Protein chains: 2
Amino acid sequence: MITKILIAEDHESANISVQKTLEELGITDIAYAYYCDDALNRIIQAVKAGSSFDLLITDLSFEPDGHKQTLANGMELITAARKEQPDLNVLVFSAENRPTVIEQLYNNYEIDGFVRKARNDARELKEAIHEIGRHRRYFPRHISQLIDKKNTYSFSDVDITIIQLLAQGTLQKDIPVYLQRKGITPSGLSSIEKKLNHMKSVLGFTKNEQLVAYCKDIGAI
Amino acid sequence: MITKILIAEDHESANISVQKTLEELGITDIAYAYYCDDALNRIIQAVKAGSSFDLLITDLSFEPDGHKQTLANGMELITAARKEQPDLNVLVFSAENRPTVIEQLYNNYEIDGFVRKARNDARELKEAIHEIGRHRRYFPRHISQLIDKKNTYSFSDVDITIIQLLAQGTLQKDIPVYLQRKGITPSGLSSIEKKLNHMKSVLGFTKNEQLVAYCKDIGAI
DNA sequence: TACCAGATTACGGTTTTCCGTAAAAAATGG
DNA sequence: CCATTTTTTACGGAAAACCGTAATCTGGTA
């Protein structure tokens, strides 16, 4: 059963509406934070006091506003929080809608639920909390639809290096010298062309710009 | 004095938080709509009944969800609403942060206030409503900061469209037909080259891949 | 109407990328 | 060691992007 919840959300209005939604569920033990660092501190304090949180509801993007923060975003908060309290349930509440990013949250960050800020988000929040309370992960239908058609490619280090160079403005024909300088083989221009062609064909792309966009999406570069 | 307010906002959670914020201001006569068309109908009905709204609080982007809508977004709603009730006060509540778009809202759509969905948005909403109640326009400080921010280039809608097409794999030479199909001018290949060159030179880039990476980073695409 | 200034488009030459083929080098196996 | 296969590199023609210049269109003005 979920009774004690921490909300990490920098937008005041979103924070308010989550609180209100929780109250409608009869949950009264609510703490909230506008900064990731603040959220992590509350988790640490609660663990120390022996009254840890049952659930963390967090956004992904936190806008910098001058205050120095060690945690830059929700994903870093999740990692840090789980280090302090491994059994903490995590529900992500975000406007993110890129399937690859959401998939990463479930697979790498092992979150327990994701609710997208969208039309019926308040209702979905209630459903999600209900499910998580029954020790089930909440996986919205529209997400699984998106993720099912996944054509994922696992990039090698050299692949990433090449795409990074492109994203930095390096001409394709100049990449060989960069690779040679780092002692990376193969470094021939033809090999680079071949690697790029292979990546693009696997992912169904035709242009380098698509590769750059895709790698940005999944956080590979 | 503002006593009767209509909220047009498709996100349930955002809608809730605006309602709550208004209640804290002692405003009880609140109507809300999840669709632009619905919002316009309520305005029409209220005018007919001789009990028109004092203020419309509206989002800009409304996500399509199958229901056929004649009004596609908040800007169309504003235009249509003012046609029915020219003296209607309008407050835009949106995540939009492109200075040029916000400027347009003030200049072309003659809105009375803009509050960006961000850290202190609930407090700003209260301030905005207070100001508008005193027949003053509300122009948040951070907007002017954005407008005279250097280093960052403010992308126009066409700029974004072009970069999106590139990131989708469209050949540069094929972009003109896409723009023509959408009725966007200029659509000549030379104009597109010129726009891309301008963006790149302002940002210190040399390749389109850099533009795509940059726009992904700042969330412009 | 005629004219001008700015915006838009068309054009041509150069550079870069794309892509198929083939030579060279390296790894594999007996 | 040689023979075979795989990987890497080199080469060349075609397509696309790049870039400067010139022609055309447009809206405003006298």
Side-chain angles (χ1 to χ4, degrees), chain A residues 151 153-216 220-221, chain B residues 98 100-101 103-104 107-108 153-216 220-221:
Chain A
N151 39 355
Y153 172 76
S154 85
F155 295 94
S156 71
D157 289 343
V158 183
D159 292 339
I160 297 299
T161 304
I162 292 171
I163 297 173
Q164 276 175 335
L165 287 169
L166 287 176
Q168 285 165 20
T170 314
L171 290 177
Q172 207 164 298
K173 73 182 180 69
D174 292 336
I175 292 182
V177 295
Y178 281 85
L179 295 190
Q180 280 162 20
R181 217 170 281 169
K182 292 202 172 186
I184 296 173
T185 53
S187 65
L189 182 55
S190 289
S191 298
I192 290 164
E193 289 173 353
K194 197 179 172 188
K195 276 186 187 298
L196 284 169
N197 278 335
H198 180 242
M199 288 188 266
K200 281 185 277 191
S201 83
V202 169
L203 292 164
F205 295 159
T206 57
K207 306 255 311 166
N208 290 342
E209 284 92 331
Q210 290 175 285
L211 271 181
V212 171
Y214 178 79
C215 286
K216 279 288 179 193
I221 61 172
Chain B
R98 284 172 292 178
T100 50
V101 175
E103 255 184 318
Q104 255 202 347
N107 296 336
N108 302 350
Y153 173 75
S154 126
F155 294 93
S156 72
D157 287 341
V158 184
D159 292 338
I160 297 297
T161 302
I162 292 171
I163 296 173
Q164 276 175 335
L165 287 170
L166 287 177
Q168 285 165 21
T170 314
L171 290 177
Q172 208 164 297
K173 72 182 182 66
D174 291 336
I175 292 182
V177 294
Y178 280 85
L179 295 189
Q180 280 162 19
R181 217 170 280 169
K182 292 202 171 186
I184 296 172
T185 54
S187 65
L189 183 54
S190 289
S191 297
I192 290 165
E193 290 172 352
K194 196 179 171 188
K195 277 185 187 298
L196 284 169
N197 278 334
H198 180 242
M199 288 188 265
K200 282 185 276 191
S201 83
V202 169
L203 291 164
F205 296 159
T206 57
K207 307 254 313 164
N208 290 341
E209 284 93 331
Q210 291 175 285
L211 271 180
V212 171
Y214 177 79
C215 286
K216 279 289 178 190
I221 62 171

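Quick note: numbers below take in every heavy atom, side chains included, and nothing from hydrogens, waters or symmetry partners. As the structure is a computational prediction, the values presented were derived from the model and not from experiment.
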Within this structure, what is the [atom1]-to-[atom2] distance between [X] and [N], rounded to whole angstrom?
X         : N       : atom1 : atom2 : answer
His198(A) : dC19(C) : NE2   : P     : 15 Å
Lys194(A) : dT9(D)  : NZ    : C1'   : 11 Å
Glu209(A) : dC18(C) : CD    : C1'   : 13 Å
Met199(A) : dT17(C) : CE    : P     : 15 Å

Which atom pairs, donor and acceptor, lie under 3.5 Å between side-chain atoms of residues 160-171 of chain B and protein residues at least two apart or in another chain?
from	atom 1	to	atom 2	distance (Å)
Thr161(B)	OG1	Asp157(B)	O	2.8
Thr170(B)	OG1	Leu165(B)	O	3.0

Open item on the list: Within this structure, what is the NZ-CD distance for the pair Lys216(B) and Glu209(A), rounded to the nearest 0.5 Å?
Closed with: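 So the NZ of Lys216(B) and the CD of Glu209(A) are separated by 13.0 Å.
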Open item on the list: Pairs counted only when both distances fall under 3.5 Å, Watson-Crick or G-U: show me the 5' to 3' dot-bracket for DNA chain D, [ ] for pseudoknotted crossings and | for other-strand partners.
Closed with: ||||||||||||||||||||||||||||||
Task: Residues touching DNA chain C, which here means a heavy atom under 4.0 Å, drawn from residues 179-190 of chain B - done: Pro186(B), Ser187(B), Gly188(B), Ser190(B)
Would you give me the side-chain donor-acceptor pairs under 3.5 Å for residues 173-191 of chain B, sequence neighbours excluded?
from	atom 1	to	atom 2	distance (Å)
Gln180(B)	NE2	Ser187(B)	OG	3.4

Please write out the pairs of protein N or O atoms and N or O atoms of nucleotides 15-18 of chain D separated by less than 3.5 Å, giving the distance to one decimal.
from	atom 1	to	atom 2	distance (Å)
dA17(D)	OP1	Lys207(A)	NZ	3.3
dA17(D)	OP1	Gln172(B)	N	2.7
dA17(D)	OP2	Lys173(B)	N	3.1
dC18(D)	OP2	Gln172(B)	OE1	2.9
dC18(D)	OP2	Gln172(B)	NE2	3.0

Please set out all donor-acceptor pairs under 3.5 angstrom arising from side-chain atoms of residues 195-206 of chain A, sequence neighbours excluded.
from	atom 1	to	atom 2	distance (Å)
Asn197(A)	ND2	Glu193(A)	O	3.4
Lys200(A)	NZ	Asn208(A)	OD1	2.9
Ser201(A)	OG	His198(A)	O	3.2
Thr206(A)	OG1	Gln210(A)	OE1	3.3

